[in-house]
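Some notes on the structure that comes next.
Every heavy atom of this structure was used, including side-chain atoms; hydrogens, water molecules and symmetry mates were not.
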Amino acid sequence: MQYRVSRVVAGPLLRLFARPEVTGAENVPASGGAILASNHLSVVDSIFLPLMLARPVTFAAKSEYFTGTRLRDRAVGAYLRATNQLSVDRAGPRAAQDTLEAALALLRRGELFGIYPEGTRSPDGRLYRGRTGVGWLALHSGLPVIPVAMIGSERVLAPGQRLPRPGRIGIRIGEPMTFQAYADRPAGARERRAVTDEVVQAIGKLSGQEYVPMYASVRKEELAAAAAAARSAAATRARREG
(Lines give C-alpha, C1' and ligand atoms only; values in the text may rest on other atoms or scores of the structure.)
Protein backbone atom coordinates (compact mmCIF):
# COMPACT_ATOMS: atom_id res chain seq x y z
CA MET A 1 0.00 0.00 0.00
CA GLN A 2 2.77 2.44 0.95
CA TYR A 3 4.54 1.65 -2.32
CA ARG A 4 1.47 2.56 -4.38
CA VAL A 5 0.79 5.71 -2.37
CA SER A 6 4.38 6.92 -2.80
CA ARG A 7 4.11 6.46 -6.56
CA VAL A 8 0.81 8.32 -6.71
CA VAL A 9 2.10 11.20 -4.58
CA ALA A 10 5.62 11.57 -5.94
CA GLY A 11 5.12 10.15 -9.42
CA PRO A 12 3.65 13.21 -11.19
CA LEU A 13 6.36 15.53 -9.84
CA LEU A 14 9.15 13.12 -10.74
CA ARG A 15 7.76 12.62 -14.24
CA LEU A 16 7.52 16.36 -14.76
CA PHE A 17 11.03 16.93 -13.44
CA ALA A 18 12.91 14.28 -15.46
CA ARG A 19 10.45 13.41 -18.26
CA PRO A 20 11.41 9.71 -18.15
CA GLU A 21 10.87 7.64 -21.30
CA VAL A 22 10.84 3.84 -21.29
CA THR A 23 11.41 1.46 -24.16
CA GLY A 24 11.07 -2.31 -23.81
CA ALA A 25 8.76 -2.33 -20.78
CA GLU A 26 7.07 -5.40 -22.29
CA ASN A 27 10.24 -7.38 -21.52
CA VAL A 28 9.47 -7.26 -17.79
CA PRO A 29 7.23 -10.26 -16.97
CA ALA A 30 3.78 -9.54 -15.59
CA SER A 31 4.36 -12.04 -12.77
CA GLY A 32 7.08 -14.20 -11.30
CA GLY A 33 10.58 -13.45 -10.16
CA ALA A 34 13.19 -11.82 -12.38
CA ILE A 35 16.46 -9.94 -11.98
CA LEU A 36 16.78 -6.44 -13.41
CA ALA A 37 20.46 -5.67 -14.06
CA SER A 38 21.20 -2.02 -14.78
CA ASN A 39 24.11 0.31 -15.32
CA HIS A 40 24.49 2.87 -12.55
CA LEU A 41 25.04 6.56 -13.26
CA SER A 42 23.22 8.32 -10.42
CA VAL A 43 21.45 7.74 -7.11
CA VAL A 44 18.21 8.62 -8.93
CA ASP A 45 18.49 5.39 -10.95
CA SER A 46 16.95 3.62 -7.94
CA ILE A 47 14.06 6.10 -8.01
CA PHE A 48 13.16 6.36 -11.68
CA LEU A 49 13.47 2.73 -12.73
CA PRO A 50 11.00 1.48 -10.08
CA LEU A 51 8.76 4.47 -10.81
CA MET A 52 8.41 3.57 -14.48
CA LEU A 53 7.64 -0.13 -14.05
CA ALA A 54 4.15 -1.49 -13.55
CA ARG A 55 5.39 -3.96 -10.89
CA PRO A 56 7.24 -3.15 -7.68
CA VAL A 57 10.98 -3.74 -7.86
CA THR A 58 13.42 -3.80 -4.97
CA PHE A 59 16.97 -2.51 -5.26
CA ALA A 60 19.76 -2.83 -2.74
CA ALA A 61 20.87 0.69 -1.80
CA LYS A 62 23.71 1.61 0.50
CA SER A 63 22.57 2.55 3.99
CA GLU A 64 23.97 6.07 3.62
CA TYR A 65 21.14 6.85 1.21
CA PHE A 66 18.66 6.17 4.02
CA THR A 67 20.43 8.04 6.82
CA GLY A 68 21.77 11.21 5.21
CA THR A 69 20.91 14.47 6.96
CA ARG A 70 20.99 16.91 4.05
CA LEU A 71 17.65 17.90 2.54
CA ARG A 72 18.36 16.01 -0.68
CA ASP A 73 19.45 12.91 1.26
CA ARG A 74 16.34 12.99 3.45
CA ALA A 75 14.10 13.23 0.40
CA VAL A 76 15.87 10.35 -1.35
CA GLY A 77 15.83 8.24 1.81
CA ALA A 78 12.13 8.84 2.38
CA TYR A 79 11.29 7.70 -1.15
CA LEU A 80 13.53 4.64 -0.94
CA ARG A 81 11.91 3.59 2.33
CA ALA A 82 8.42 4.19 0.96
CA THR A 83 9.13 1.98 -2.04
CA ASN A 84 10.63 -0.80 0.11
CA GLN A 85 14.16 -0.59 -1.21
CA LEU A 86 16.71 -2.72 0.64
CA SER A 87 19.09 -0.85 2.94
CA VAL A 88 22.58 -2.37 2.88
CA ASP A 89 25.41 -1.70 5.32
CA ARG A 90 28.43 -2.34 3.12
CA ALA A 91 30.92 -2.19 5.99
CA GLY A 92 30.25 -5.64 7.43
CA PRO A 93 32.39 -8.65 6.47
CA ARG A 94 29.35 -10.56 5.15
CA ALA A 95 27.49 -7.57 3.76
CA ALA A 96 27.69 -8.64 0.11
CA GLN A 97 26.65 -12.25 0.77
CA ASP A 98 23.85 -11.22 3.14
CA THR A 99 22.48 -8.89 0.46
CA LEU A 100 22.56 -11.65 -2.17
CA GLU A 101 20.77 -14.08 0.13
CA ALA A 102 18.10 -11.49 0.94
CA ALA A 103 17.69 -10.85 -2.78
CA LEU A 104 17.41 -14.56 -3.51
CA ALA A 105 14.62 -14.86 -0.95
CA LEU A 106 12.73 -12.03 -2.68
CA LEU A 107 13.16 -13.67 -6.06
CA ARG A 108 11.92 -17.01 -4.79
CA ARG A 109 8.77 -15.26 -3.56
CA GLY A 110 8.14 -14.20 -7.16
CA GLU A 111 9.30 -10.59 -6.78
CA LEU A 112 11.49 -8.39 -8.98
CA PHE A 113 14.96 -7.54 -7.73
CA GLY A 114 17.19 -4.87 -9.24
CA ILE A 115 20.97 -4.98 -9.12
CA TYR A 116 23.82 -2.84 -10.39
CA PRO A 117 26.50 -5.26 -11.60
CA GLU A 118 29.16 -2.54 -11.46
CA GLY A 119 28.64 -2.40 -7.70
CA THR A 120 28.80 1.39 -7.51
CA ARG A 121 28.05 4.44 -9.62
CA SER A 122 30.24 5.01 -12.63
CA PRO A 123 32.74 7.81 -11.84
CA ASP A 124 32.84 9.07 -15.43
CA GLY A 125 29.81 7.78 -17.33
CA ARG A 126 31.57 4.72 -18.72
CA LEU A 127 30.51 1.10 -18.13
CA TYR A 128 32.79 -0.83 -15.81
CA ARG A 129 33.48 -4.51 -15.19
CA GLY A 130 30.72 -6.27 -13.33
CA ARG A 131 30.92 -7.79 -9.89
CA THR A 132 29.75 -11.39 -9.96
CA GLY A 133 26.76 -11.01 -7.63
CA VAL A 134 24.38 -10.90 -10.60
CA GLY A 135 25.87 -14.18 -11.81
CA TRP A 136 25.40 -15.71 -8.37
CA LEU A 137 21.76 -14.66 -8.30
CA ALA A 138 21.05 -15.87 -11.83
CA LEU A 139 22.61 -19.28 -11.25
CA HIS A 140 21.13 -19.88 -7.80
CA SER A 141 17.63 -18.69 -8.70
CA GLY A 142 17.39 -20.05 -12.24
CA LEU A 143 15.44 -16.91 -13.11
CA PRO A 144 15.89 -14.61 -16.11
CA VAL A 145 18.11 -11.56 -16.04
CA ILE A 146 16.69 -8.49 -17.78
CA PRO A 147 19.37 -5.99 -18.87
CA VAL A 148 18.53 -2.31 -18.36
CA ALA A 149 20.26 0.86 -19.49
CA MET A 150 19.72 4.16 -17.72
CA ILE A 151 20.37 7.10 -20.03
CA GLY A 152 20.98 10.67 -18.86
CA SER A 153 20.34 10.19 -15.14
CA GLU A 154 23.81 11.55 -14.31
CA ARG A 155 22.77 14.86 -15.90
CA VAL A 156 19.82 15.07 -13.50
CA LEU A 157 21.92 14.32 -10.42
CA ALA A 158 25.62 13.63 -10.90
CA PRO A 159 27.76 12.07 -8.15
CA GLY A 160 28.76 14.88 -5.80
CA GLN A 161 26.04 17.22 -7.07
CA ARG A 162 23.97 18.62 -4.22
CA LEU A 163 20.67 19.35 -5.95
CA PRO A 164 19.02 17.70 -8.95
CA ARG A 165 18.29 19.67 -12.09
CA PRO A 166 15.59 19.12 -14.69
CA GLY A 167 16.46 16.84 -17.57
CA ARG A 168 15.31 13.82 -19.50
CA ILE A 169 15.98 10.26 -18.41
CA GLY A 170 15.77 7.33 -20.79
CA ILE A 171 15.25 3.75 -19.66
CA ARG A 172 15.96 0.96 -22.14
CA ILE A 173 14.90 -2.53 -21.12
CA GLY A 174 16.31 -5.48 -23.05
CA GLU A 175 15.02 -8.97 -23.64
CA PRO A 176 15.28 -11.49 -20.78
CA MET A 177 18.44 -13.53 -20.65
CA THR A 178 18.38 -17.14 -19.48
CA PHE A 179 21.36 -19.29 -18.67
CA GLN A 180 20.11 -22.83 -19.15
CA ALA A 181 23.55 -23.90 -20.37
CA TYR A 182 24.69 -23.62 -16.75
CA ALA A 183 21.74 -25.46 -15.21
CA ASP A 184 23.64 -28.69 -14.56
CA ARG A 185 26.90 -27.04 -13.56
CA PRO A 186 28.02 -25.73 -10.15
CA ALA A 187 27.73 -21.99 -9.62
CA GLY A 188 31.48 -21.67 -9.35
CA ALA A 189 33.62 -18.59 -9.84
CA ARG A 190 34.16 -19.27 -13.54
CA GLU A 191 30.45 -19.69 -14.19
CA ARG A 192 29.52 -16.60 -12.18
CA ARG A 193 32.08 -14.56 -14.10
CA ALA A 194 30.85 -15.81 -17.48
CA VAL A 195 27.22 -14.96 -16.69
CA THR A 196 28.16 -11.55 -15.30
CA ASP A 197 30.22 -10.68 -18.37
CA GLU A 198 27.32 -11.63 -20.66
CA VAL A 199 24.94 -9.43 -18.67
CA VAL A 200 27.29 -6.43 -18.69
CA GLN A 201 27.81 -6.85 -22.43
CA ALA A 202 24.04 -6.79 -22.94
CA ILE A 203 23.75 -3.63 -20.82
CA GLY A 204 26.47 -2.01 -22.90
CA LYS A 205 24.63 -2.77 -26.14
CA LEU A 206 21.58 -0.98 -24.74
CA SER A 207 23.42 2.00 -23.26
CA GLY A 208 26.12 2.55 -25.88
CA GLN A 209 28.63 3.26 -23.11
CA GLU A 210 32.35 2.76 -23.52
CA TYR A 211 33.41 -0.37 -21.62
CA VAL A 212 36.27 -0.28 -19.12
CA PRO A 213 37.72 -3.70 -18.11
CA MET A 214 38.30 -2.74 -14.49
CA TYR A 215 36.09 -2.30 -11.44
CA ALA A 216 34.50 1.12 -10.95
CA SER A 217 35.54 1.07 -7.29
CA VAL A 218 39.19 0.70 -8.32
CA ARG A 219 38.88 3.60 -10.73
CA LYS A 220 37.36 5.72 -7.96
CA GLU A 221 40.33 4.90 -5.74
CA GLU A 222 42.69 5.96 -8.52
CA LEU A 223 40.84 9.23 -9.00
CA ALA A 224 40.83 9.92 -5.25
CA ALA A 225 44.55 9.21 -5.01
CA ALA A 226 45.27 11.50 -7.98
CA ALA A 227 43.17 14.27 -6.43
CA ALA A 228 44.95 13.89 -3.09
CA ALA A 229 48.33 14.03 -4.82
CA ALA A 230 47.30 17.16 -6.70
CA ARG A 231 46.18 18.83 -3.46
CA SER A 232 49.42 17.88 -1.77
CA ALA A 233 51.48 19.26 -4.67
CA ALA A 234 49.48 22.49 -4.64
CA ALA A 235 50.00 22.87 -0.90
CA THR A 236 53.73 22.28 -1.31
CA ARG A 237 53.96 24.93 -4.02
CA ALA A 238 52.01 27.38 -1.88
CA ARG A 239 54.39 26.87 1.05
CA ARG A 240 57.42 27.39 -1.18
CA GLU A 241 55.97 30.52 -2.72
CA GLY A 242 54.93 31.84 0.67
Side-chain angles (χ1 to χ4, degrees), residues 2-3 6 28-40 43 45-47 49-50 53 55-68 76-77 79-122 128-148 150 173-174 176-203 215-218 220:
Q2 188 180 29
Y3 187 98
S6 67
V28 179
S31 62
I35 302 159
L36 296 172
S38 175
N39 61 338
H40 197 15
V43 63
D45 296 335
S46 298
I47 293 175
L49 180 53
L53 296 179
R55 293 180 58 191
V57 55
T58 299
F59 272 88
K62 62 182 181 180
S63 58
E64 290 92 327
Y65 289 163
F66 294 80
T67 59
V76 169
Y79 188 82
L80 293 176
R81 283 189 293 272
T83 53
N84 300 321
Q85 305 308 298
L86 185 63
S87 175
V88 176
D89 181 0
R90 299 192 298 185
R94 277 188 48 87
Q97 189 59 38
D98 289 346
T99 300
L100 290 174
E101 290 174 2
L104 184 60
L106 288 170
L107 291 166
R108 286 174 171 167
R109 293 200 297 267
E111 300 181 29
L112 296 178
F113 183 76
I115 188 170
Y116 300 116
E118 294 167 279
T120 187
R121 288 172 292 177
S122 171
Y128 283 80
R129 190 181 193 216
R131 301 283 183 174
T132 57
V134 65
W136 188 96
L137 279 178
L139 294 173
H140 280 84
S141 69
L143 294 170
V145 178
I146 302 169
V148 178
M150 301 297 296
I173 303 173
M177 305 172 69
T178 57
F179 299 95
Q180 294 304 315
Y182 299 94
D184 297 324
R185 296 164 60 178
R190 182 176 299 178
E191 288 76 15
R192 296 196 300 271
R193 169 51 57 194
V195 169
T196 299
D197 288 347
E198 286 187 45
V199 171
V200 171
Q201 184 179 34
I203 294 170
Y215 293 126
S217 58
V218 174
K220 286 183 175 182

Under 4.5 Å between any side-chain heavy atoms of [X] and [Y], yes or no?
X: Phe59; Y: Asp45; value: no
X: Arg129; Y: Val200; value: no
X: Phe179; Y: Glu191; value: no
X: Arg131; Y: Thr196; value: no
X: Tyr128; Y: Thr120; value: no
X: Val134; Y: Val195; value: no

(request) Rounded to the nearest 0.5 Å, what's the gap from OG on Ser38 to CD1 on Ile146? Could you check? (result)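 Those atoms lie 12.0 Å apart.
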
(message) Quick check for you: to the nearest 0.5 Å, what is the distance between Met150 atom CE and Leu49 atom CG?
(response) 5.5 Å

(request) Applying salt bridge (charged side-chain N to carboxylate O under 4.0 Å, His left out), name anything that partners Glu198, two or more places apart in sequence or on another chain. (result) none

(request) May I ask you to decide if Pro29's main-chain N or O and Arg55's side chain share a donor-acceptor pair within less than 3.5 Å? (result)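 Pair found, side chain donor or acceptor close to backbone of Pro29.
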
Where is the tightest heavy-atom contact between [X] and [Y], given as atom of each residue plus distance?
X: Arg192; Y: Ala187; result: NH1-O, 2.7 Å
X: Gly33; Y: Pro144; result: O-CD, 4.0 Å
X: Ala37; Y: Ile203; result: O-CD1, 3.4 Å

(message) Using the side-chain hydrogen bond (donor to acceptor under 3.5 Å, both in side chains) criterion, which residues pair with Arg193? Sequence neighbours excluded.
(response) Asp197, Tyr215

(request) Applying side chain to side chain contact (heavy atoms under 4.5 Å, CB included) between Ile35 and each of Val145, Val57, Leu104, report the one that passes. (result)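 Of all the options given, the one that passes is Val145.
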
(request) Check the surroundings of atom CZ in Arg185: do more than 12 heavy atoms from other residues, nucleotides or ligands lie under 6.0 Å from it? (result)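 Counting other residues, nucleotides and ligands, CZ of Arg185 exceeds 12 neighbours.
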
Sequence neighbours left out, cut at 3.5 Å: what donor-acceptor pairs do the side chains of residues 106-117 make with other protein atoms?
residue, atom, partner, partner atom, Å
Arg109, NE, Glu111, OE2, 3.2
Tyr116, OH, Ser46, N, 3.2
Tyr116, OH, Ser46, OG, 2.7

